[in-house]
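Since the structure comes first, as structure tokens, the remarks are kept for the end.
Proteins come first, then strands; the chains are lettered A, B, ... in the order of their sequence lines, and each starts at number 1.
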Amino acid sequence: MRQLEEAALKQWEHAFEADPAAKEKFYLTVAYPYPSGAMHVGHGRTYIAPDVIARFWRMRGRQVLYPMAFHVTGAPVIGISKRIARGDEKAIHLYRDLYRVPEETLKEFTNPLTIVRHFAAEYQRVMTSCGLSIDWRRRFTTVDPQYSKFIEWQWKHLWEGGHVKKGAHPVRFCPQCDNPVGDHDLLEGDKAEILKFVMVMFRWRDSFIPTATLRPETVYGVTNLWVNPTVTYVKVLVDGTTWIVSREAATKLSLQDHAVKEIEEIPGNSLIDQIVHHPLCGDVPVLPATFVDPDMASGIVMSVPAHAPFDYIALRDLQAEGRYQDIKPVSLIKVPHYGEFPAKDAVEKAGIVDQNDPRMDALTQEVYSAEFSSGKLLEKYGGETVRQARETVGILMTDSYNSSVIYEFDSRPVVCRCGGRVYVKILHDQWFLQYSDPAWKSQVEAHLAEMSLVPPEVRAEFERTIDWLKDWACTRRVGLGTRLPWDPDWLIEPLSDSTIYMAYYTIAHHLKKFNPDDLTPETFEFLFLGKDTPGLKNREELEVMRKEFEYWYPYDYRFSAKDLISNHLTFQLFHHAAIFPKESMPCGMVVFGMGLLEGAKMSSSKGNVFLLEDALEEFGADTVRMFLVGSAEPWQDFDWRNDLVYSTRKQIERFWNTIEETRNAERRTSGVDPWLISRLQQHIQKATEALERFQTRQALQEAFYAIESDLKWYRKRLPDGAAGGFALKELGSIWVRLLAPVIPFTCERLWCEIGGEGLVSFAPWPSADRSRIDPNLELAEELLLRTIEDIESIRKVIQITPSSITICVAPSWKKDVFASVATAPDRNTVIREIMKDEQVRRRGKAAQDAIKQCITLIHRLPPGIVEQYLKAEMNEIEIFDNARDFLERECSAKVHVVDAGESTLAKASAALPFKPAIVIE
RNA sequence: GCGAGUGUGACUGAGAGGCCAAAAGUGACCGACUCAAGAUCGGUUCUCGCAGGAGUUCGCAGGUUCGAAUCCUGCCACUCGCACCA
């Protein structure tokens, strides 16, 4: 196996380097990998499935380009290198033991570039061993200086097109690292969302007491504030006014765009029973409550007992002690199915005893969502729906009552990988790609409508993504990458530098030879857009490159896993739309499913991976390929199971043996040879159609299993001990080519052995010859097959060893009946209609039975067979007579064939067209 | 929670109103060849049946239809995405 693979790899070394040619092109690309670890079988499928498609179109005579590069921009490897430098055991274990990085190399992993270089080389090596037909001349990485020039050009274009703007933005932020943190940087709290609270500013003496709320509209129902008497609050100077907040809140505010200066401490209990004021609810007292969390937003909350179960129960608890008897809930929202005080109703209905009841959260949620979805403010507060009021009141407060917002996580803790606590910070000077721009969106939407999407179900998801996309923060402070041309303190964010690189591939191998400084924006304008600037350097060479770009672009299909729909795959459409003219816009996308390993999700961090290299070693490249594209269609999730993979290998061996066998086939014709050829045409046709639709699994069903099962019948039908005839000989060459895209190593060798010309990778794809399809012949074999099945099923039931079998073929008048039934417009009246015929009627009850049986039979037969039977005028007696040797061999009994009309056997009357009566003795 | 999708026999997975007890592959069982095999070949694999038949099945519960795995409604379970991240 090794030898076979190595031999093929040697032949392929430069074979797939594709240059523009006179024939039609097919350009496919796959999302390039981020090489921060070893490839597992899931990655394998991502590249193998497109390779099968690439190989298929190459054999169809297209000039195929399948390029590959490596995405190395971004922060992850920096984190990895730091962890390795720090001696982090988990990281070292992963890289040393799971990914098997040699000790000496691992030592150098403290340099992030070493990591990506190492794994990029590994990727290329393993991809090559998979037999991927990649043009490696075009390989690049996203930190190559030439690529950076390309990115600079792209961004200049976006900038000038008005797609990039500056703004402020709340992000998760780690003060220790002094950096925003993404999901993968979090130790804890990756599900936490940033919520936007409105701070309702109550006046107390010379200070504001901000109470943060998600429901500003409930301010009309505030009866008091809650302050935690055990907490020490602080009086702070915020942007020039004095506020009283928790100490935690002061820290948060300072990260959120406020100048904060502490003036003094204020013990919580000193605030109790103070009277505070807000214009929208008047004077209210401050009450004590230990449930108030100083680490939640401002650390002080307003109380709306009519509508917030927590507030209601806390107030009730206090009142039970005989305090604050004069405070009554103030209702402001009317909700169907609830009374004047929804919080009270809910608490009482649930039988809540005190504020420590664990059901309080669910109850709160219930009241909140009921009010939000169907609540209305009372007329005196404006009568708006809660949904509307929340917005109006929020705006009113910020505009007229000194409110501002504070961002806070909806769940905690949120902890950075460095161990430090994560806060919400407002980032300034952040650059955004304006994906929210309606004009840009509709441009993308319009193009999407013209694209080919596989499978079609993903279209809805793309449409929704376009609709939902907001502005994307497109610059970073740390990581590898290209600097923003007009603001070099910023790096371009890694998803944003990977949106139109498919165009770069088309000329990547030429660009390598350029001095990066010569790759000016004007150069790229010329190369990609054809815009000429006088005085361009290397003019002739650029002309050639421009031609090459025009030859390949736009790409035909882009392949990627489905998790990239909501970002990369949609982003790239935006960027194409912003930069390229209509004729360079992408044509299609194929979205893949995810991979499972023995039924469980594959995940490097959990160690649940099967390295692609190990799979290749253990099973061989062809087996891995055939399993990965044959076990499920590309867009379905697949499950790597060793036992199934193992049997795939046996199937390839079986195929090998059959091809060897075809070499011994004789040139003679046996009865079934034309049948095999006829069937073969249809399998070719169907396999071709399947691959055109990217259905690799379906294609294999036709090109492998269906052919195998025909061969089984073919062998059965051959005279005893005979070798195959001309059909088998012919099959060899076709079959090798049909399977070449999937198992190219095996087929390359077999192609050579059967005397094929050149490489099978470039051999012409078999085409179906319609003239060799013989429906009548196929129908005859179908009749034999069904009859044998009938005989078998009878034998199974009656349990005797037969000495003779009589096949009684239906008399010709029944064929007429059959035809009348089959063509009858109305099956309900068909009996009456047919019985009008004198010839039929005189047969009496037998005729009536025959009609009924024909109705059932026709119902059960595939429509195609019935149709063909009507056309064929087949002589069933002759068919059975000709196959008598075969039948006798199959049934180990003497076989007689008679016309049921001339038989005296009682059973004979049951004979129907295409379903002879069978008598076993 | 929101959006998109999926649920078929022991498993993977076709089927998208009558060809359906439901393709193909795997596994399991039986037999053949063999010193032997995870090899190869043949057969069986929902239940019942001494004549090719009948019955019950396609996440659950209803409904439409002469007829539903397939169409409609509700429910349940799983997968992916929900952004600053590759």
Value in whole Å for how far the P atom of G25(B) lies from CG of Leu628(A): 20 Å
Length of the CD-P vector between Gln698(A) and U12(B), whole Å: 19 Å
Given G52(B), C11(B), A86(B), the nucleotide with the shortest approach to the side chain of Lys915(A): G52(B)
Sugar-phosphate, base or nothing in reach of Ile920(A), heavy atoms under 4.0 Å: base
Touch class at under 4.0 angstrom, heavy-atom based, for Gln651(A) against every strand present: sugar-phosphate
Lys686(A), NZ atom: more than 12 neighbouring heavy atoms under 6.0 Å: no
Short side-chain donor-acceptor distance under 3.5 Å, Gln430(A) and Thr475(A): yes
Asp643(A) CG - U26(B) C1' separation (whole Å): 7 Å
Ring-face cation contact, Tyr368(A) with Arg215(A), 6.0 Å cut, 45° max: yes
Opposite nucleotide pairing with G17(B), Watson-Crick or G-U, both atom distances under 3.5 Å: none
Sugar-phosphate, base or nothing in reach of Asp639(A), heavy atoms under 4.0 Å: nothing
Interatomic distance at C1', C78(B) relative to G67(B), whole Å: 32 Å
Sugar-phosphate only, base, or nothing, as touched by Ile565(A) at under 4.0 Å among non-hydrogen atoms: nothing
Watson-Crick/G-U partner (both atom distances under 3.5 Å) of G9(B): none
C1' atoms of U6(B) and G59(B), separation to the nearest Å: 11 Å
Nearest to side-chain heavy atoms of Asn567(A), which nucleotide of A24(B), C85(B), G18(B): C85(B)
Atom C1', compared across C58(B) and G15(B): separation rounded to whole Å: 10 Å
Residue Lys650(A), side-chain heavy atoms: nucleotide from G27(B), A83(B), U79(B) that is nearest: G27(B)
Partner nucleotide, any strand, of U40(B) [Watson-Crick/G-U, under 3.5 Å]: A32(B)
is_close_aromatic(Tyr435(A), Phe571(A)), centroid dist under 6.0 Å: yes
Nearest-Å distance for atom pair CG/P, residues Asp710(A) and A24(B): 12 Å
Sugar-phosphate, base or nothing in reach of His71(A), heavy atoms under 4.0 Å: sugar-phosphate
Between U44(B) and U26(B) - P atom distance, rounded Å: 15 Å
Polar pair under 3.5 Å, donor/acceptor by atom type, side chain Asp790(A), base A51(B): no
Interatomic distance at P, G5(B) relative to C71(B), whole Å: 14 Å
Glu457(A) versus Trp635(A), side-chain donor and acceptor atoms under 3.5 Å: no
Sugar-phosphate only, base, or nothing, as touched by Pro494(A) at under 4.0 Å among non-hydrogen atoms: sugar-phosphate
Nearest-nucleotide pick for Ile794(A), side chain only, options being A83(B), G52(B), U26(B): G52(B)
Complement of U45(B), any strand, by Watson-Crick or G-U distances under 3.5 angstrom: G27(B)
Lys907(A), nearest nucleotide to its side chain (from G53(B), A51(B), A24(B)): A51(B)
Sugar-phosphate only, base, or nothing, as touched by Pro456(A) at under 4.0 Å among non-hydrogen atoms: nothing
Identity of whatever pairs with A4(B) - Watson-Crick or G-U, under 3.5 angstrom: U79(B)
Interatomic spacing from OH in Tyr123(A) to OG in Ser36(A) - rounded to 0.5 Å: 7.0 Å
Strand partner of G74(B), provided both Watson-Crick or wobble distances fall under 3.5 Å: C60(B)
Touch class at under 4.0 angstrom, heavy-atom based, for Ala917(A) against every strand present: base
Atom pair distance, as rounded to whole Å: CG in Leu564(A) and C1' in A4(B): 15 Å
Whole angstrom value for the distance that separates P of A86(B) from OH of Tyr501(A): 14 Å
Whether His568(A) and Tyr501(A) hold their rings parallel, tilted or perpendicular, with breakpoints at 30° and 60°: tilted
Euclidean distance for C1', A32(B) against C46(B) (whole angstrom): 28 Å
Touch class at under 4.0 angstrom, heavy-atom based, for Leu469(A) against every strand present: base
Nucleotide nearest Pro76(A) when distance is taken to its side chain, options G52(B), A86(B), G81(B): A86(B)
Sugar-phosphate only, base, or nothing, as touched by Val919(A) at under 4.0 Å among non-hydrogen atoms: base
A22(B) versus U57(B) - spacing of their C1' atoms, nearest Å: 10 Å
Side chain to side chain, Val164(A) and Trp155(A), heavy atoms closer than 4.5 Å: yes
Residue Arg697(A), side-chain heavy atoms: nucleotide from A23(B), G52(B), U26(B) that is nearest: A23(B)
Rounded distance in Å between the P positions of U73(B) and A4(B): 14 Å
Minimum-distance nucleotide (side-chain atoms of Lys470(A) versus A83(B), U26(B), G81(B)): A83(B)
